[in-house]
Amino acid sequence: MELLTSEDFKNTRIQPEWTAMDYLLEVVRVDQEKMQEQTFLNEKKNGRLKRKRRIQEENSKNKRPITSYPPKPLMPEGLKQHIVENMGGSNCVLVIQKQLFFSDVNPQASRLLIPFSQVESHEFLNESEVERLKNKEAIQACLVEPSMEETDINFKWWDMRKNSMYVITTSWNSIVKNNRLKAEDVVLLWSFRVDSTLCFALQKL
């Protein structure tokens, strides 16, 4: 509570017939008005603070969380040099990064499954290749193994119930054996072109 000053009585008109009681009543009246004014100012200030706080809370709710994405893998320089300088390849594209399951290294299955849902991009195929695959025709391609050995494989498209996937067959068992691939290994499959011919490279992490 603030004390009254002479400034608070600047609008008071003192009458000659006032008694001591009248002066006291005037002091009480001015004091109450000042208290009401101060209360109003405080409520107004608190209202602004509450509105400001509410706006800040709404803004913080509306802010999109910052999502950090892992950096995209880069092709090792040794593999890239082999493709470009030794094979005359270009347009290297990451097809998939995948953890191998037992079914991928099982000799009885002899194939690598590449689910569409995990493929980075399907743009590594041209329109003609897509049509051939949809017509159940296998594409013969060269695959560079992690050991840098070049192997011929068949690249296919399988529709399995509700899921579609690419499949590498032919020579897959020898690729698994030569590079000691096992379940839970993580591999990256890259595509590239030699002239216009589709090729692949397998990288073991």
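Values in this document were obtained by computation on a predicted structure and should not be read as measured data.
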Query - Residues that F101 engages under ring pair (Phe, Tyr, Trp, His ring centres under 6.0 Å), provided they are two or more places apart - result: none
Query raised in the report: Among all residues two or more places apart in sequence or in another chain, which pass the ring pair (Phe, Tyr, Trp, His ring centres under 6.0 Å) test with F192?
Result: none
For [X], check salt bridge (Lys or Arg N to Asp or Glu O under 4.0 Å) against everything at least two apart and list the hits.
| X | value |
| --- | --- |
| K204 | D185 |
| K156 | none |
| E149 | none |

Query raised in the report: Of all residues at least two apart in sequence or in a different chain, which pass the side chain to side chain donor-acceptor pair (under 3.5 Å) check with W157?
Result: D159
Let me have the donor-acceptor pairs involving side chains of residues 105-114, under 3.5 Å, with sequence neighbours excluded, atom names and distances please.
unit_1	atom_1	unit_2	atom_2	d
N106	OD1	Q108	N	3.1
S110	OG	N173	ND2	3.4
R111	NH1	S103	O	3.0

If you measure from [atom1] on [X] to [atom2] on [Y], what distance do you get to the nearest 0.5 Å?
| X | Y | atom1 | atom2 | value |
| --- | --- | --- | --- | --- |
| W172 | L202 | CH2 | CG | 5.0 Å |
| L133 | W158 | CG | CH2 | 13.0 Å |
| T169 | F155 | OG1 | CZ | 10.5 Å |
| Q81 | M75 | CD | CE | 12.5 Å |

Pairs in or reaching into [range]: which pass salt bridge (charged side-chain N to carboxylate O under 4.0 Å, His left out), with residues at least two apart or in two chains?
| range | result |
| --- | --- |
| residues 187-196 | E129-R193 |
| residues 75-88 | none |
| residues 99-110 | K98-D104 |
| residues 163-173 | none |

Report task. With sequence neighbours excluded, give me every side chain to side chain donor-acceptor pair (under 3.5 Å) pair touching residues 116-126. Result -> H122-Y166
Requested in this report: Spell out, as yes or no, whether a donor-acceptor pair under 3.5 Å connects the side chain of S191 to the backbone of F200.
Outcome: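 Not at all, since once roles are kept as given, no pair shorter than 3.5 Å links the two residues.
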Report task. Using modelled atom types only, decide if a donor and an acceptor are shared between the side chain of N178 and the backbone of S147 within a distance under 3.5 Å. Result -> no
Look at the side-chain heavy atoms of Ile, Leu, Val, Met, Phe, Trp and Tyr, link any pair under 4.5 Å apart, and say whether [X] and [Y] land in one connected group.
| X | Y | value |
| --- | --- | --- |
| I168 | I83 | no |
| I175 | V186 | no |
| L125 | F116 | yes |
| L188 | V119 | no |
| M87 | W190 | yes |

Query raised in the report: Take atom CD in Q140; do more than 12 heavy atoms of anything else shown fall under 6.0 Å from it?
Result: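 No, the 6.0 Å shell around CD holds no more than 12 heavy atoms from other groups.
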Query - Residues L143, L189; criterion side chain to side chain contact (heavy atoms under 4.5 Å, CB included); working and verdict - result: CA-CA 9 Å; L143 182 141; L189 181 68; 4.1 Å; yes
Report task. Any chance you could lay out the side chain to side chain contact (heavy atoms under 4.5 Å, CB included) test for L79 and M148, step after step, and finish with the verdict? Result -> CA-CA 8 Å; L79 177 58; M148 295 297 181; 4.0 Å; yes
Heavy-atom closest pair, residues [X] and [Y]:
| X | Y | result |
| --- | --- | --- |
| M165 | P115 | CB-CA, 3.7 Å |
| L94 | P73 | CD2-CD, 3.9 Å |
| A141 | L198 | CB-O, 3.5 Å |
| L205 | Q203 | CD2-NE2, 3.4 Å |
| A138 | R132 | O-NH2, 3.8 Å |

**Report entry** Within-4.5 Å side-chain heavy-atom neighbours: V187 and L181
**Finding:** yes
